[in-house]
**Q** 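Below you'll find the structure I mean.
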Amino acid sequence: MNVTKKELPKRQVALTIEVSVAEAQPWIEKTAKKISEDVKIPGFRPGHVPYDVLKKQVGEAAIYQEAFQAIVEETYPKAVDQEKLPVLGRAKIDVEKLAPGNPIVYVATVSLFPDVKLAELKKIKARRVEVKVDQAELDKTMKELRQMRASEALVARAAAKGDKVLVDFQLTVDGVQVEGGQASKMPLVIGEGRFIPGFEEQVTGMVKDQVKDFELTFPAEYFKKELAGKQGKFHVKLVEVYEVKLPELSDEFAKELQFKDLADLKITIEKNISTELEKKESDRFEGALLSELAEKSKISDLPDDLIKDEADKMLHELRGEIEQRNGLKFEDYMVHIKKTEEELLESFKPRAAERLKVALVARVIAEEQKLAPTPAEVEAEVKKQEAQFAGVPEMMEQMSHPAYKRYVENTLAHRKVIEYLVAQTQGK
């Protein structure tokens with residue numbers, strides 16, 4: 001294998017890698033055997049087709065094309081090691097020569113680890129903020145628990161705040177029936193504010209079987225673009241009114257929720273809220289710590305391709321959050337924010353560069369301080385996770401893959417980096 005290195009701007013390198021005919025032969029033969037297992041040729045068993053016969057059947061160029069990826073996967077890492085290059089991210093592969101009977105030549109353009117000079121850790125100002133459970137948050141959680149055990153009673157009176165009502169309605173805009181703008185016996189709790197602003201106020205005071213027409217303007221940022229800022233006319237009939245009764249906060253209520261008494265319930269809820277707040281503050285603090293370090297450190301220019309890859313990753317993350325968490329179609333979301341994917345990717349690039357710089361300073365610290373987790377630490381963490389998710393088949397399947405072990409290694413290394421930074425920066 002012959003390797004020629006060419007320096008490019010912004011810490012990139014182009015490696016021209018030439019694999020001789022003799023070196024490529026084992027991959028060609030292995031690929032040919034694999035192809036022959038799927039090709040039916042009269043007179044030959046699958047996997048036992050002579051090379052000369054196979055190349056006439058499928059074309060020798062096709063065999064080389066199929067073998068190329070395996071050749072790259074084997075020779076590219078060796079070329080990087082040979083040149084002792086601190087590569088970062090994926091390489092861009094371009095074929096220069098891929099023809100039977102000739103050496104295989106390709107160019108791997110790769111980004112190098114930028115030059116990083118860490119800022120003086122004693123000058124980092126990020127600090128952890130003490131968290132305290134707000135009484136309003138505690139009251140809100142207790143009310144949500146009561147709502148889970150609430151009872152409903154059908155009443156013959158006007159709808160009031162706190163009541164649950166069932167309504168039929170039809171919506172028209174500019175005299176045209178809106179698609180999906182109708183409902184039968186739609187449940188609505190007056191005061192929760194889960195529908196278009198003003199709707200609940202119009203329903204308040206209505207009685208069973210009363211019909212009412214009114215107009216409301218949809219918010220300018222309404223998620224359905226075709227309705228945003230438009231004035232809609234509602235034709236509403238109130239079907240039923242239910243009085244919602246919340247159980248009293250008492251020892252009996254707490255026991256129904258499997259707690260010893262009301263005091264035990266309140267203590268547990270407060271601890272849970274405190275734990276959640278502590279986690280949020282830890283995440284914020286760690287992010288602020290690394291971001292400030294990255295901002296104050298001297299980092300050479302990041303390759304454009306690397307920034308684009310990170311922006312692509314951010315777009316993928318956003319798509320998953322929109323579709324999986326929020327249950328929306330990503331295409332609808334794009335229409336709502338009035339942007340194309342290309343525009344969104346471009347807007348992500350500054351943040352993508354920041355994320356890369358944060359990852360770089362963390363990696364430098366891990367390498368300089370030798371903070372990589374030991375195999376024993378990784379194994380212990382994997383076993384801990386397996387014990388925690390023993391009853392979840394999907395997680396157990398996920399944890400059986402090698403990629404999960406690498407994830408654990410990265411997680412533990414990150415934890416060690418944070419612990420090191422906290423020890424070096426706090427209280428100085």
Side-chain angles (χ1 to χ4, degrees), residues 89-90 137 140 144 167 169-203 215-234 236 276-277 279-281 283-284 286-288 290-291 294 302-359 392 394-395 398 403 407 410:
R90 297 172 297 176
E137 183 66 24
K140 178 185 174 184
E144 289 172 351
V167 296
F169 77 84
Q170 291 182 333
L171 167 65
T172 57
V173 173
D174 298 328
V176 179
Q177 179 75 43
V178 174
E179 183 180 354
Q182 57 277 324
S184 176
K185 294 185 178 180
M186 183 186 79
L188 183 72
V189 177
I190 299 177
E192 289 189 347
R194 296 191 179 184
F195 203 39
I196 176 174
F199 189 91
E200 293 175 9
E201 288 78 0
Q202 290 289 343
V203 173
E215 294 184 355
L216 295 172
T217 301
F218 283 84
E221 297 300 318
Y222 196 63
F223 74 97
K224 288 189 176 180
K225 183 183 177 183
E226 66 273 17
L227 296 178
K230 297 285 184 68
Q231 189 172 49
K233 184 174 182 180
F234 290 87
V236 178
E276 184 178 346
L277 292 176
K279 175 65 169 60
K280 286 182 179 179
E281 172 55 21
D283 291 343
R284 184 210 63 80
E286 291 174 11
L290 285 168
S291 292
L302 298 173
D304 293 336
D305 287 349
L306 204 60
I307 295 175
K308 183 182 180 303
D309 285 347
E310 189 67 19
D312 284 335
K313 186 189 296 184
M314 292 172 65
L315 183 64
H316 178 74
E317 291 169 359
L318 177 64
R319 181 186 293 273
E321 183 175 352
I322 294 297
E323 294 182 346
Q324 295 173 21
R325 261 196 204 175
N326 300 330
L328 300 175
K329 288 183 178 180
F330 188 67
E331 292 72 19
D332 293 342
Y333 170 78
M334 295 298 293
V335 170
H336 174 59
I337 65 173
K338 302 176 183 177
K339 284 189 177 182
T340 64
E341 284 198 15
E342 290 73 21
E343 290 171 336
L344 199 57
L345 275 172
E346 193 63 32
S347 70
F348 281 167
K349 286 183 178 179
R351 176 60 183 147
E354 291 176 10
R355 286 190 8 167
L356 286 168
K357 289 177 180 179
V358 166
V392 186
E394 296 83 0
M395 284 299 299
Q398 184 177 327
Y407 164 76
N410 292 335

**Q** Test Asp312 against Lys308 for salt bridge (Lys or Arg N to Asp or Glu O under 4.0 Å), laying out the working first.
**A** CA-CA 6 Å; Asp312 284 335; Lys308 183 182 180 303; 3.1 Å; yes
**Q** Once rounded to the nearest 0.5 Å, what's the spacing between atom CD of Glu310 and atom CG of Asp305?
**A** 13.5 Å
**Q** Can you tell me how far CE of Met186 sits from CZ of Phe199, rounded to the nearest 0.5 angstrom?
**A** 5.0 Å
**Q** Could you pull out all residues at least two apart from Leu277 that satisfy side chain to side chain contact (heavy atoms under 4.5 Å, CB included)?
**A** Val131, Val133, Ile273
**Q** Any Lys/Arg nitrogen of Glu317 or Arg355 sitting under 4.0 Å from an Asp/Glu carboxylate oxygen of the other?
**A** yes
**Q** Taking 4.0 angstrom as the limit, do Lys280 and Glu276 come out as a salt bridge?
**A** yes
**Q** Distance check, rounded to the nearest 0.5 Å: Glu354 atom CD versus Phe348 atom CZ?
**A** 13.0 Å
**Q** Do Leu216 and Pro197 have side-chain heavy atoms sitting under 4.5 Å apart?
**A** no
**Q** Working to the nearest 0.5 angstrom, can you tell me the gap between His316 NE2 and Glu321 CD?
**A** 12.5 Å
**Q** List, one per line, each side-chain donor-acceptor pair under 3.5 Å for residues 169-180, sequence neighbours excluded.
**A**
from   : atom 1 : to     : atom 2 : distance (Å)
Gln177 : NE2    : Leu171 : O      : 3.3
Gln177 : NE2    : Gly181 : O      : 3.4
Gln177 : NE2    : Gln182 : OE1    : 2.8

**Q** Would you confirm whether Ser347, through its side chain, and Leu344, through its main-chain N or O, come within 3.5 Å as a donor-acceptor pair?
**A** yes
**Q** What is the distance from atom OG1 of Thr217 to atom CD1 of Ile196, rounded to the nearest 0.5 Å?
**A** 7.5 Å
**Q** Check the pair Phe234 / Val203 against side-chain contact (heavy atoms from CB on, under 4.5 Å), numbers first and verdict last.
**A** CA-CA 11 Å; Phe234 290 87; Val203 173; over 6 Å; no
**Q** Mind checking the CG-NZ spacing from Leu315 to Lys313? Nearest 0.5 Å is all I need.
**A** 13.0 Å
**Q** According to the salt bridge (charged side-chain N to carboxylate O under 4.0 Å, His left out) rule, which pairs have a member within residues 180-201, sequence neighbours left out?
**A** Glu192-Arg194
**Q** Is the number of heavy atoms from other residues, nucleotides or ligands under 6.0 Å of Arg284 CZ greater than 12?
**A** yes
**Q** What pairs with Glu346 under side chain to side chain donor-acceptor pair (under 3.5 Å), at least two apart in sequence or on another chain?
**A** Lys349
**Q** Can you find a pair of side-chain heavy atoms, one from Gln202 and one from Val236, that are under 4.5 Å apart?
**A** no
**Q** Taking only residues two or more places apart in sequence, or in another chain, which ones meet Tyr222 in a side chain to side chain contact (heavy atoms under 4.5 Å, CB included)?
**A** Phe218, Pro219, Lys224, Leu227, Ala228
**Q** Tell me every residue that passes side chain to side chain contact (heavy atoms under 4.5 Å, CB included) with Pro187, counting only those two or more places apart in sequence or in another chain.
**A** Lys164, Leu166
**Q** Any salt bridge between Glu341 and Arg319, counting N to O under 4.0 Å?
**A** yes
